[in-house]
Amino acid sequence: MKTLLDASYTIRDEKPVIRLFYKLREGMNVEEVMDFQPYFYATAKEDLEGLKEKIRSMEGVVSVDSREMIDHGRERQVLRITVRQPRDVPSLRREVKDLEGCEEVRETDLPFTQRYMIDSDITPMENAEEIDLRVASFDMEVYNPQGEPRPEKDPILMISYSDNKGLKRVWSTKGGDLGLGYVREVKSEKALIKEFMETVEEREINIIVTYNGDNFDFPYLKERCSFHKITPSLGFNGAAVKLERRGMNFGARIRGRPHVDMFPVCRQLFNLPRYRLEDVYFELFDKEKIDVKAGEMHRIWDAGKGEDFKVFFEYSMSDADSTLKIAEALLPLQYELSRIVKLPVYECSRTASGQRVEHLLIREAHHRNILVPNKPSDRIFEERKDKSYTGAYVVDPVKGVHDNIILFDFRSLYPSIITSYNIDCSTIDCDCCSGEKHRSPTGHYFCKNREGFIPTVLKALVERRVKVKKKLMKEKDPARKGLLDVKQQALKLLANSMYGYFGFPRARWYSRECAEAIAALGRQYIHETIEKARESGFSIIYGDTDSVYLKLEGVDSREEIMEKSEAFLKKLNSELPGDMELEFEGFYPRGIFITKKRYALMDEHGMLLVKGLETRRRDWADIAKETQERVLNALLREKDPEKAADIVKDVVGKIKEGNVPLKKLAINTQITRGLGDYVQPGPHIIAAKKALRKGLDFKQGNIVTYVITRKGDSISDKAKVIDFVEEGDYDADYYINNQLLPAVMRILEAFDYTEDEMKGLGKQLTLDSF
DNA sequence: TACCAGAGGAG
DNA sequence: AAATCCTCTGGTA
C-alpha cells in the first residue's frame with residue numbers, strides 16, 4: 001500500500017526526471033520516471049501536413065504526430081509536438097504559434113508534473129487514511145520591539161512543535177528553568193532552528209501544517225536561515241523550503257513533505273468575522289485559546305521571568321497545538337478534494353473552487369480525447385468580465401410577522417438543471433438532432449442526442465455522491481461514517497461550483513450562454529412553482545433563487561399543513577423533468593420578513609434562524625448584533641414586545657454610561673483593494689492608515705477591527721484600530737444612533753414601535769400590534 | 001436630498 | 001482568479 005504525497009521533476013543529463021514521493025506503510029519510496037517527455041498540441045488553419053513538416057525541423061522538437069481529437073464537440077486532426085525539456089514548451093509554443101498556417105497552440109500551460117499525472121492517471125493521497133500519515137505543526141514567536149518584526153534583525157525567540165504521535169516541543173534560547181516539560185533551552189537561535197529541522201527528519205514527518213506559514217513563518221524562517229548561513233532543509237533528503245508566488249501571496253513548498261497552510265483553508269471553508277488562529281479554534285472547538293498580546297511579547301521576553309514569561313511559552317505551545325487540532329479536523333476534506341480533483345494536496349489546498357473544477361475537467365477531457373481549451377487572454381478576459389447576464393429571481397417579501405411558514409426548495413437546482421437539460425458548450429444549438437431538443441427561455445436549445453462534456457462529469461459527481469450517502473446511512477462505525485461524510489461534502493462542493501464555472505471569465509470552458517440559460521431556467525421553475533402554489537391555495541411570503549416561503553391562510557393544524565404540502569409536492573414533482581425535485585425543507589411557527597435577503601425565522605424548537613440581518617454581518621458591532629438577536633427572541637419566541645423594548649432601553653442606558661467593553665464595540669471590515677486604490681476610503685481604511693503610521697502592518701485582504709472613538713469630526717476621523725483604543729473611549733452617540741437603533745428598529749418597526757419610544761423619550765409602549 | 005463607492009451577505 | 005441579486009452605510013456635492 002502506498003500514497004502519493006508529492007510530485008516534482010528535475011533535470012538530469014538534459015532530460016526531465018519525474019519524482020513521485022510515496023509514503024509506504026513503513027518509510028518512503030521515491031519513484032523516478034525517466035521516459036516521459038513534455039508535449040503540446042497545434043491546430044492547423046488548412047494544411048496540416050505542411051505545418052507538420054515545418055514544426056518537425058524546429059530546434060528542440062523531438063517528434064510531431066497527427067492524431068484525431070475532439071475540439072468544440074467535433075472530431076478533427078491535430079498535431080502533437082513532443083519536445084526535449086519542459087523549458088522548451090514556452091519558447092516553442094511562441095514559435096509554432098507564429099508559423100504561417102498554424103491556427104492555435106493548445107495545452108501548452110499544463111505544468112509538466114501535472115501533465116505526467118494526468119496522462120498516467122495517478123491519484124494523489126489514495127489510502128491516506130489507512131497508511132497512518134505523520135502530521136506535525138509548528139509555530140514561531142519572534143522578537144518585535146518595533147511593532148512589526150524585522151526578519152533581517154529580529155531573532156526567532158521560540159519554535160513550538162506538536163505532532164500527531166504525541167511529541168510536543170518548544171525550542172527557545174531561554175526558559176529551560178520554567179518547569180514546562182516540553183521546553184528545550186538551546187544556546188542560540190541557529191541551534192533552535194536546527195533542532196526543529198532535525199526533529200522533523202527524525203520523526204519522519206509526512207505533512208507539515210501551519211497557520212499562515214505561507215506568508216509569515218516560512219518567509220521569516222528562510223530569512224533567519226540565510227542570516228545564519230544555513231539551509232532551511234525541511235524537505236525530503238534535506239531539500240530546502242521554496243517560496244513560490246501564488247497570485248498576491250506566497251506558497252511555501254517543501255519537497256516530499258507537503259505543507260498545508262490552514263489559514264487559506266479556513267478562509268475558504270468558514271464564514272467568520274475574523275480568521276485569527278484563536279477565532280478558528282473557537283469556531284471548531286468552542287474553546288478559548290490563551291493569548292499574549294503581540295505588542296507585549298518583546299517586553300515579556302526581555303524581562304525573562306515571572307508569570308507572564310511562563311505564559312508566553314504556554315501560549316507558543318498552544319499555537320502549535322491548536323494548529324494541529326485544526327489540521328486533524330480539516331485535513332480529511334483536503335485529502336478527499338485532492339483525490340477527486342487529482343491534484344497533489346499542496347496545490348489543491350491552495351486552489352480556489354474555479355481552479356479545482358478546471359483541473360477535474362482537464363483530467364476528464366484527457367480520458368475522453370477532448371482537446372483542452374486555452375485559458376482566455378487578458379483581452380478576452382476583460383471582454384467577458386464586462387458582459388454580465390441576468391441571474392436569479394428574488395421575490396419581494398410580504399413584510400412583517402407571519403405564522404406557520406412552510407419552506408420548499410429545489411434540491412441542487414443548478415446542477416439538476418445542467419444535467420436535466422444537458423447544458424454544455426458542445427450541445428448548445430446543435431445541428432445533429434433534427435427532432436426535439438431541450439429549450440431554454442433565452443432562446444437557446446440543447447442537444448438531446450449526445451450527452452455534453454460537463455453534464456457527463458457533473459452526473460458522475462452527483463451519482464458518486466448518491467452512492468456515498470447511501471453507504472453513509474448504513475454505516476455504523478463513527479470513524480468510517482466521518483470519512484464518508486467528508487467524501488460527500490467534497491463531491492457536493494465540486495458539483496455546486498459547476499454553474500459558477502460556466503460564468504467565470506477566466507474559465508477555459510467559459511460559456512456565458514450556458515450560464516445564462518441555467519439561470520433563466522432557474523427563474524422559470526421558481527416562477528412556475530409560485531404560480532402553482534398559488535393555484536393550490538398557498539400564499540407566497542418570500543422566495544429567493546430556488547426556495548419559496550409559503551403560508552396556508554386560515555389553516556392552523558400542523559397535520560393539515562403537512563398533508564397539503566405533501567400533496568402539492570407530489571403533484572409538482574411528477575411534472576418536473578430529469579433530476580429536478582422540489583423538497584419540503586422546513587416548517588416555522590413564526591417569522592419576520594424585513595426586506596429581500598433579510599429575515600428571521602423561529603423553528604419548532606424555538607431556535608432562531610437569521611438571514612442577512614445585522615446579526616449575521618461582521619461589519620456591525622457585537623452590541624448591536626447581540627441586542628438585535630435578543631429583541632428577535634423576545635418577539636418571535638416569547639411574543640413579548642414589552643420585554644423587547646426594555647432590552648433596548650437598557651442597552652441604550654448602558655452605552656450612555658460608557659461602560660460597554662471595547663470587544664462589543666469592535667467593527668470588522670476587510671481591506672478589499674490596495675490602500676492607495678480607494679476613491680472613497682471608508683472608516684476602516686482611514687483607521688488602517690493611521691495604524692500603519694504607528695508601525696502596524698495592513699494590506700489588501702486583511703480584516704481591520706476598529707472602534708468609533710470620541711475624538712474626531714467625521715466617523716472616519718473617529719475610527720481607530722482597536723489595539724490603540726483605551727477601554728471606555730467610544731462615541732456613545734454613534735453606537736446608539738448608527739449601530740444599536742438601526743439594527744433593532746428594523747425589527748421593531750414591523751411591530752409599530754417608533755425610535756423615540758425606544759430612546760425612552762416618548763410615551764409608554766402600547767401593545768396595539770399584538 | 002440624491003448619488004456613488006464600498007462591503008458583505010443570500011442562494 | 002465560481003456567478004448575480006440585493007441592502008445598507010458613509011461621504012460628497
Side-chain angles (χ1 to χ4, degrees), chain A residues 246-249 264 268 271-273 350-358 361 375-376 378 381 384-385 387-397 407 409-415 493-512 514-520 522-523 526 542-549 585 594-599 609-621 624 667-673 677-687 701 703-704 708 713-719 734 737-739 742-743 745-746:
Chain A
R246 296 190 79 90
M248 298 225 315
N249 291 313
Q268 203 174 56
N271 180 16
L272 299 177
R350 285 167 181 76
T351 48
S353 63
Q355 284 165 294
R356 280 185 203 153
V357 167
E358 189 147 285
L361 291 176
K375 280 188 194 154
D378 286 349
F381 166 71
R384 289 177 177 180
K385 204 158 54 101
K387 262 196 222 145
S388 82
Y389 62 90
T390 312
Y393 170 63
V394 187
V395 181
D396 206 8
L407 170 59
D409 71 8
F410 280 93
R411 178 174 48 80
S412 301
L413 178 68
Y414 289 166
L493 228 65
L494 287 163
N496 282 345
S497 16
M498 263 334 162
Y499 157 72
Y501 180 80
F502 270 126
F504 174 37
R506 291 221 127 98
R508 291 173 192 262
W509 277 273
Y510 171 85
S511 171
R512 193 178 58 88
C514 288
E516 212 167 8
I518 297 160
R523 291 196 301 273
I526 206 70
Y542 180 58
D544 186 347
T545 313
D546 58 354
S547 63
V548 276
Y549 289 90
E585 191 49 42
I594 311 297
T595 57
K596 285 178 179 180
K597 299 186 188 281
R598 293 164 63 86
Y599 57 94
L609 185 77
V610 184
K611 299 284 183 182
L613 295 175
E614 287 70 14
T615 305
R616 299 246 63 96
R617 295 180 65 96
R618 71 152 77 109
D619 55 351
W620 281 74
I667 300 165
N668 297 303
T669 312
Q670 200 185 18
I671 304 172
T672 61
R673 52 200 74 187
D677 300 341
Y678 281 91
V679 179
Q680 253 190 50
H684 65 301
I685 303 301
I686 305 297
I703 293 167
V704 185
I708 304 302
D713 295 322
S714 67
I715 293 169
S716 285
D717 284 342
K718 294 177 180 183
Y734 172 85
N737 292 312
N738 298 40
Q739 290 280 329
M745 284 320 296
R746 283 192 250 284

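The chains referred to below are lettered A, B, ... by the order of the sequence lines, with proteins before strands, and numbering in each begins at 1. All values derive from a computational prediction rather than experimental measurement.
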Legend entry - Results of side chain to side chain donor-acceptor pair (under 3.5 Å) for A:Asp619 - residues two or more places apart only: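 Testing A:Asp619 for side chain to side chain donor-acceptor pair (under 3.5 Å), a comparison that skips the adjacent residues, returns A:Arg617.
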Rounded to whole angstrom units, what separation is found between the [atom1] atom of [X] and the [atom2] atom of [N]?
X        : N      : atom1 : atom2 : value
A:Ile686 : B:dA5  : CD1   : P     : 17 Å
A:Tyr501 : C:dT4  : OH    : C1'   : 19 Å
A:His684 : B:dA7  : NE2   : P     : 4 Å
A:Arg246 : C:dA1  : CZ    : P     : 9 Å
A:Leu361 : C:dA1  : CG    : C1'   : 16 Å
A:Tyr414 : C:dT4  : OH    : P     : 11 Å
A:Ile667 : B:dG8  : CD1   : P     : 12 Å
A:Tyr599 : B:dA10 : OH    : C1'   : 7 Å

Inset, instruction - Taking A:Ser412 for its side chain and A:Pro415 for its backbone only, find out whether a donor-acceptor pair lies under 3.5 Å. - result: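 No, the answer is negative, given that no donor and acceptor are paired below the 3.5 Å cut-off.
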Legend entry - Separation between OG1 of A:Thr351 and CZ of A:Arg356, rounded to the nearest 0.5 Å: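 Output value for this atom pair is 5.0 Å.
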Inset, instruction - May I ask you to evaluate whether A:Tyr678 reaches the phosphate of B:dA7, defined as a side-chain N or O under 4.0 Å from OP1 or OP2? - result: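 Checking A:Tyr678 against B:dA7: at least one side-chain N or O falls below 4.0 Å of OP1 or OP2.
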Inset, instruction - Using a cut-off of strictly less than 4.0 Å, decide whether A:Arg616 has a side-chain nitrogen or oxygen near OP1 or OP2 of B:dG9. - result: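 Indeed not, no polar side-chain atom of A:Arg616 lies that close.
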Which part of the nucleic acid does [X] contact within heavy-atom distance under 4.0 Å: base, sugar-phosphate only, or nothing?
X        : result
A:Gln670 : sugar-phosphate
A:Thr390 : sugar-phosphate
A:Gly391 : sugar-phosphate
A:Ser388 : sugar-phosphate
A:Asp409 : nothing
A:Gly612 : sugar-phosphate
A:Ala352 : sugar-phosphate

Inset, instruction - Could you list the residues that satisfy salt bridge (charged side-chain N to carboxylate O under 4.0 Å, His left out) with A:Lys385, not counting sequence neighbours? - result: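 Residues passing salt bridge (charged side-chain N to carboxylate O under 4.0 Å, His left out) with A:Lys385: A:Glu382.
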Legend entry - Lys/Arg cation over aromatic A:Tyr678: A:Arg673, 6.0 Å, 45° cone: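 The answer is yes, since A:Arg673 meets both limits relative to A:Tyr678.
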Legend entry - Ionic contact status for A:Glu614 with A:Arg598, cut-off 4.0 Å: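 Yes, charged N to carboxylate O under 4.0 Å.
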Inset, instruction - Answer yes or no: is there an ion pair linking A:Asp544 with A:Lys596, defined by an N-O contact shorter than 4.0 Å? - result: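 Salt bridge between A:Asp544 and A:Lys596, a charged N being under 4.0 Å from a carboxylate O: no.
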Legend entry - Of the listed nucleotides C:dA1, C:dT4, C:dA2, the one nearest the side chain of A:Ser353: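 From the listed options, C:dA2 comes nearest.
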Inset, instruction - Check whether the side chains of A:Tyr501 and A:Tyr510 place a donor and an acceptor atom closer than 3.5 Å, and report yes or no. - result: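 Side-chain D/A pair, A:Tyr501 to A:Tyr510: absent.
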Inset, instruction - Going 5' to 3' through nucleotides 6-13 of chain C, assign each nucleotide B (protein heavy atom under 4.0 Å from a base atom), S (under 4.0 Å only from sugar-phosphate atoms) or - (no protein heavy atom that close). - result: SSSSBS--
